[in-house]
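Please read the structure below before turning to the comments.
Keep in mind that what you see is a predicted model, and the values were worked out from it rather than measured. Numbers here simply count residues along the sequence, with the first being 1.
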Amino acid sequence: MGSYSSNLDDILEEDMHHWYTKFMRESPSGLITLFELKTMLDMNGMTEEANSYVDQVFYTFDMDGDGYLDFVEYIAAISLLLKGEVNQKLKWYFKLFDQDGNGKIDKDELETIFKAIQDITRSYEIPPETIVTLIYEKIDVKGEGELTLEEFISGAREHPDIMDMLTRMMDLTQVLEIIVKGQRRNAVN
């Protein structure tokens with residue numbers, strides 16, 4: 001992790017005024033729309049799954065459901081991604097995976113998210129089907145084909161290999177880097 005991690009720590013530790021200035025420079029209205037987020041992340045040419053994933057990420061961070069990310073939601077998202085505790089991150093992962101909002105994750109939802117993540121990161125080391133099968137073999141102890149929040153959290157915590165895989169796949173620090181570099185690039189212009 002070395003310098004990459006310390007670079008992100010430095011970014012996060014900048015004073016709040018500096019973060020606010022960056023946010024307002026990127027989005028003078030004080031709000032970021034889904035379209036603006038996709039533009040920041042240069043989502044052109046991405047698959048439908050990747051676009052859907054970004055939509056889902058956006059809506060999980062849009063805490064008040066108004067269709068915008070304000071500065072508080074923006075900082076909360078960055079803080080969770082970089083400094084959040086394991087249980088906080090697992091709850092967020094679950095909310096992200098639960099695309100239909102029924103309080104359970106099924107195999108299709110999980111596979112769709114992992115395909116999207118691979119499309120965005122362009123890292124195809126392990127097929128999504130393999131990851132989903134592994135997770136369900138170890139965590140879905142009742143064999144129901146779906147996981148509740150409690151099953152997901154306890155299963156991930158009990159199986160370090162799954163926790164490590166989730167942590168690596170869900171690492172959105174690259175997204176933060178793109179946003180920060182984009183903000184800095186725009187600040188120069």
Side-chain angles (χ1 to χ4, degrees), residues 1 33-35 37-38 40-67 69 73 76-179:
M1 296 211 0
T33 65
L34 178 57
F35 177 79
L37 179 65
K38 287 182 177 183
M40 274 189 242
L41 299 177
D42 193 22
M43 293 294 294
N44 298 330
M46 286 288 166
T47 64
E48 187 176 324
E49 284 95 358
N51 272 310
S52 177
Y53 171 70
V54 173
D55 293 354
Q56 190 75 3
V57 169
F58 181 87
Y59 292 120
T60 60
F61 285 130
D62 179 16
M63 293 175 241
D64 60 9
D66 66 356
L69 293 184
E73 291 166 329
I78 291 169
S79 181
L80 171 67
L81 295 174
L82 296 180
K83 302 285 186 180
E85 295 176 5
V86 172
N87 276 358
Q88 292 172 316
K89 286 184 178 184
L90 287 171
K91 285 178 185 176
W92 182 74
Y93 296 164
F94 186 89
K95 185 177 178 183
L96 183 65
F97 296 152
D98 183 17
Q99 294 176 314
D100 61 11
N102 71 351
K104 297 180 182 180
I105 305 170
D106 63 39
K107 291 179 181 182
D108 289 338
E109 287 174 318
L110 204 53
E111 192 173 315
T112 298
I113 291 291
F114 288 142
K115 282 180 183 175
I117 292 168
Q118 288 182 340
D119 287 341
I120 291 170
T121 62
R122 293 177 173 81
S123 174
Y124 302 96
E125 297 169 20
I126 304 171
E129 304 83 19
T130 304
I131 298 167
V132 171
T133 300
L134 175 68
I135 288 172
Y136 275 85
E137 283 176 357
K138 291 190 175 188
I139 296 180
D140 186 17
V141 291
K142 297 177 187 172
E144 298 169 322
E146 54 188 19
L147 301 172
T148 64
L149 176 62
E150 294 75 26
E151 288 173 315
F152 179 73
I153 289 175
S154 65
R157 292 186 69 101
E158 289 171 17
H159 299 280
D161 55 333
I162 290 176
M163 188 67 195
D164 182 55
M165 184 176 16
L166 286 170
T167 301
R168 280 186 284 117
M169 287 199 73
M170 300 305 296
D171 181 7
L172 296 178
T173 52
Q174 290 175 323
V175 172
L176 177 61
E177 287 281 352
I178 290 168
I179 291 170

Mind checking the CD1-CD1 spacing from I162 to I139? Nearest 0.5 Å is all I need. 4.0 Å
So D55 and K38, do their side chains get closer than 4.5 Å, heavy atoms only? yes
Taking every heavy atom of P128 against every heavy atom of F114, the minimum-distance pair comes out as CB-CB, 4.0 Å
K115 side chain near E111 side chain, heavy-atom distance below 4.5 Å: yes
When rounded to the nearest 0.5 Å, the distance separating CD1 of I153 from CE of M163 is 9.5 Å
Straight-line distance of F152 CZ to D98 CG, nearest 0.5 Å: 11.0 Å
Spatial distance of atom OH (Y93) from atom CG (L96) [nearest 0.5 Å]: 9.5 Å
Student check: side-chain heavy atoms of W92 and T60 closer than 4.5 Å: yes
Check: Q99 side chain, Q56 main-chain N or O, donor-acceptor pair, under 3.5 Å: no
Is there a donor-acceptor pair under 3.5 Å between the side chain of E151 and the backbone N or O of V141? no
Nearest heavy-atom neighbours spanning A156 and L90: CB-CD2, 3.8 Å
For I105 and Y136, run side-chain contact (heavy atoms from CB on, under 4.5 Å): C-alpha distance rounded to whole Å, both residues' side-chain angles, the deciding distance at 0.1 Å, then the answer. CA-CA 10 Å; I105 305 170; Y136 275 85; 3.9 Å; yes
With a 4.5 Å cut-off on side-chain heavy atoms, are H159 and I135 touching? no
Looking at E158 and G155, would you say the former's side chain and the latter's main chain have a donor-acceptor pair under 3.5 Å? no
For E129, does the CD atom have more than 12 heavy-atom neighbours from other residues, nucleotides or ligands under 6.0 Å away? yes
Evaluate the side-chain proximity of E144 to K104: yes if any heavy-atom separation is below 4.5 Å, no if none is. no
Is there a side-chain contact between K107 and D140 in this structure, where contact means two heavy atoms from C-beta onward sitting under 4.5 Å apart? no
What closest approach, in Å, do F58 and G67 show between heavy atoms, and which atom pair accounts for it? CZ-O, 3.5 Å
Is any side-chain heavy atom of L166 closer than 4.5 Å to a side-chain heavy atom of F97? yes
Rounded to the nearest 0.5 Å, what separates atom CE in M165 from atom CG in L134? 4.5 Å
Check D106 against D108 and note the closest heavy-atom contact, atom names and distance. OD1-N, 3.1 Å
Do K138 and D161 pass the side-chain contact (heavy atoms from CB on, under 4.5 Å) test, and can you show the C-alpha distance, the side-chain angles, and the key distance before you say yes or no? CA-CA 10 Å; K138 291 190 175 188; D161 55 333; 2.4 Å; yes
Please check if the number of heavy atoms outside K89 that lie under 6.0 Å from its NZ is greater than 12. yes
